[in-house]
Amino acid sequence: MTIRFDEIDSTSTYLKAHTDGLPQFAVVTANAQTAGRGQRGNGWESEPGENLLMSMLYYPPAEFPPDRQFGISMAVALAVADTVEELLAGCAHEPVTVKWPNDIYLGNRKLCGILIEHTISAAPAQKSADSDLAGACPNGAPAGACSVGASIRHTVIGIGLNVNQRDFHSSAPNPVSLIHATGTIIPIDTALKGLTAHLVSRLTVLSGACASTDTDAVADELRAEYRRRLWRGKGMHRWLSLQATSAPVPPVHFASQLPASLADGVEIIEGEIIDILPSGPLRLRLRSGEIRTFAFKEISALL
């Protein structure tokens, strides 16, 4: 099922308000959003009719534990990467990668943003609360087998894929569109059809794995594929650590990449990605040899 709007505040907001009665993999798409949302509370810039704006409803299998929610994020990110590779087939282009946790990059520029929101049901009271990516589980929680207890009742997957927009006017530092690589207009419906198919395929495999005796093997394979797709997945790179620190305030040109509320007390570090934990945290080895683990919103890559 695909629900189409010419203009809407947010496709994800609509889905969250209308989950009752909508089927698995229901899609809401719009030519324009007046209140599109990105990670960290940011807005999402898109000229009307030029990009793919969509949200998909996903019902994980019964008793899908919240500590496995990063598996959904990985599956979605890889589905978008699959779609982009398909749309760019035959064109010379820079690498298509996943910037942890789930932005899609073309070279060193952001092509797609993903916002995943879960409604968690706690057994047996069936209380629910919205949770954004990796926000409800302890760091380092094991993948394990599906367990009885709290579960993800449903997930709303919001995606903004830059397709035909040539010029961007927001403060976003590094946007790019598919048209910059192809030089030609791609029909939005072509992108929508391809992305929907890849999302359904990836999420169906994820759902099947939950009931499989090979749950851990499937999870490990997904994480390995995600790891291979990581932007800056090899070598030393500079990062802004947002963990509590007594380090000096960074230079103005670095601090300007952060919201004002985060500009104090951040630390510039240099490290290489050595692992992504099953529940989502990023593990770095610093040049000093120290190994540090960062949850979502505790670290930001320096462009």
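- A donor-acceptor contact shorter than 3.5 Å is absent between the side chain of Thr119 and the backbone of Arg153.
- For Glu270, the salt bridge (charged side-chain N to carboxylate O under 4.0 Å, His left out) criterion is met by Arg287, not counting sequence neighbours.
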Ile291 and Leu284: CA distance, side-chain angles, deciding distance, side-chain contact (heavy atoms from CB on, under 4.5 Å) verdict: CA-CA 6 Å; Ile291 293 176; Leu284 298 182; over 6 Å; no
Kindly list each side-chain donor-acceptor pair under 3.5 angstrom involving residues 197-206, sequence neighbours excluded, with atom names and distances?
| from | atom 1 | to | atom 2 | distance (Å) |
| --- | --- | --- | --- | --- |
| His198 | NE2 | Glu86 | OE2 | 3.2 |
| Arg202 | NE | Asp82 | OD2 | 3.0 |
| Arg202 | NH1 | Glu225 | OE1 | 3.0 |
| Arg202 | NH2 | Asp82 | OD1 | 3.4 |
| Arg202 | NH2 | Asp82 | OD2 | 3.0 |
| Arg202 | NH2 | Glu225 | OE2 | 2.7 |
| Thr204 | OG1 | Val200 | O | 2.6 |

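- Closest non-hydrogen pair, Pro281 versus Thr293, comes out as CB-CG2, 3.7 Å.
- The two atoms that bring Ser12 and Glu117 nearest to each other are CB-OE1, 4.1 Å, heavy atoms only.
- With sequence neighbours excluded, no residue forms a side chain to side chain donor-acceptor pair (under 3.5 Å) with Thr83.
- Summarising the geometry, atom CZ belonging to Arg68 is positioned 9.0 Å from atom CE belonging to Met74; distances are rounded to the nearest 0.5 Å.
- Take Glu85 and apply the salt bridge (charged side-chain N to carboxylate O under 4.0 Å, His left out) test, not counting sequence neighbours, and it matches Arg229.
- Contact detail for Asn164 and Asn51: the closest heavy-atom pair is N-OD1, 3.5 Å.
- The aromatic rings of Trp231 and Tyr105 sit tilted relative to each other, their planes meeting at an angle between 30° and 60°.
- Sorted by first and then second residue, the pairs that involve residues 19-31 and meet side chain to side chain donor-acceptor pair (under 3.5 Å), not counting sequence neighbours, are Asp6-Asn31.
- Here the CG atom belonging to Leu87 is positioned 6.0 Å from the CG atom belonging to Leu178, to the nearest 0.5 angstrom.
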Between Val84 and Leu161, is a side-chain contact (heavy atoms from CB on, under 4.5 Å) present by the stated rule, with each step listed? CA-CA 9 Å; Val84 171; Leu161 174 63; 4.1 Å; yes
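- Take Arg227 and apply the salt bridge (charged side-chain N to carboxylate O under 4.0 Å, His left out) test, not counting sequence neighbours, and it matches no residue.
- You'll find the side chain of Asn162 stays beyond 4.5 Å of the side chain of Val176, heavy atoms only.
- There is a path of hydrophobic side-chain contacts, each under 4.5 Å, that joins Leu78 to Met56.
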For residues 185-194, run the donor-acceptor check on the side chains, cut-off 3.5 Å, and write out each pair with its distance to 0.1 Å, sequence neighbours left out.
| from | atom 1 | to | atom 2 | distance (Å) |
| --- | --- | --- | --- | --- |
| Asp189 | OD1 | Arg4 | NH1 | 3.0 |

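- A distance of 15.0 Å separates CZ of Arg109 from NZ of Lys99, quoted to the nearest 0.5 Å.
- Met1 and Val28 fall within a single hydrophobic cluster, where Ile, Leu, Val, Met, Phe, Trp and Tyr side chains are chained together by heavy-atom contacts under 4.5 Å.
- Distance check, rounded to the nearest 0.5 Å: NE2 of His237 to CZ of Arg232 gives 6.0 Å.
- Contact check for Val76 versus Ile159: side-chain heavy atoms found under the 4.5 Å cut-off.
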Full working for side-chain contact (heavy atoms from CB on, under 4.5 Å) between Thr97 and Leu230: CA-CA 5 Å; Thr97 56; Leu230 274 181; over 6 Å; no
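- Taking CG from Leu240 and CD1 from Ile299, the interatomic distance works out to 8.5 Å, rounded to the nearest 0.5 Å.
- For the atom pair CZ (Phe296) and CD (Glu298), the distance works out to 11.0 Å, reported to the nearest 0.5 Å.
- Under the 4.5 Å side-chain heavy-atom criterion for ILVMFWY residues, no single connected hydrophobic cluster contains both Phe5 and Leu195.
- Qualifying side chain to side chain donor-acceptor pair (under 3.5 Å) partners for Tyr226, counting only residues two or more places apart in sequence or in other chains: none.
- Side-chain contact between Glu47 and His169 is present, with heavy atoms from C-beta onward closer than 4.5 Å.
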Between Asp103 and Ile114, does the side-chain contact (heavy atoms from CB on, under 4.5 Å) criterion hold? Intermediate values first, please. CA-CA 6 Å; Asp103 285 338; Ile114 300 169; 5.7 Å; no
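- Looking at heavy atoms from C-beta onward, Ile152 lies in side-chain contact with Ile120 at the 4.5 angstrom threshold.
- Applying the salt bridge (charged side-chain N to carboxylate O under 4.0 Å, His left out) criterion to Asp9, with sequence neighbours excluded, gives no partner residue.
- Side chains of Val80 and Asn102 form no contact here, defined as non-hydrogen atoms less than 4.5 Å apart.
- In this structure the side chain of Met54 reaches within 4.5 angstrom of the side chain of Thr196, judged on heavy atoms.
- Leu88 and Ile179 sit in two unconnected hydrophobic clusters of ILVMFWY residues. Membership requires side-chain heavy atoms under 4.5 Å apart, directly or through other members.
- The shortest distance between side-chain heavy atoms of Glu272 and Lys234 does not fall below 4.5 Å.
- Of all non-hydrogen atoms in Val156 and Ser55, the two that sit nearest each other are CG1-CB, 4.4 Å.
- Within the structure, salt bridge (charged side-chain N to carboxylate O under 4.0 Å, His left out) pairs that include any residue of residues 49-61 do not occur (at least two apart or interchain).
- Electrostatic pairing of Asp275 and Arg223 counts as a salt bridge here, judged by a charged N lying under 4.0 Å from a carboxylate O.
- Taking His18 as the reference, Tyr14 meet the ring pair (Phe, Tyr, Trp, His ring centres under 6.0 Å) condition, with sequence neighbours excluded.
- With sequence neighbours excluded, no residue forms a ring pair (Phe, Tyr, Trp, His ring centres under 6.0 Å) with Trp239.
- Residues Phe70 and Pro101 share a closest heavy-atom pair of CE1-CB, 4.1 Å.
- Ring orientation note: the planes of Phe25 and Tyr58 are close to parallel, at an angle under 30° on the 30°/60° scale.
- The same ILVMFWY cluster, assembled from side-chain heavy atoms under 4.5 Å apart, contains both Trp100 and Ile116.
- The closest side-chain heavy-atom distance from Arg283 to Leu277 is below 4.5 Å.
- Ser10 and Gln33 make their closest contact through CA-OE1, 3.6 Å (heavy atoms, listed as atom of the first residue, atom of the second, distance).
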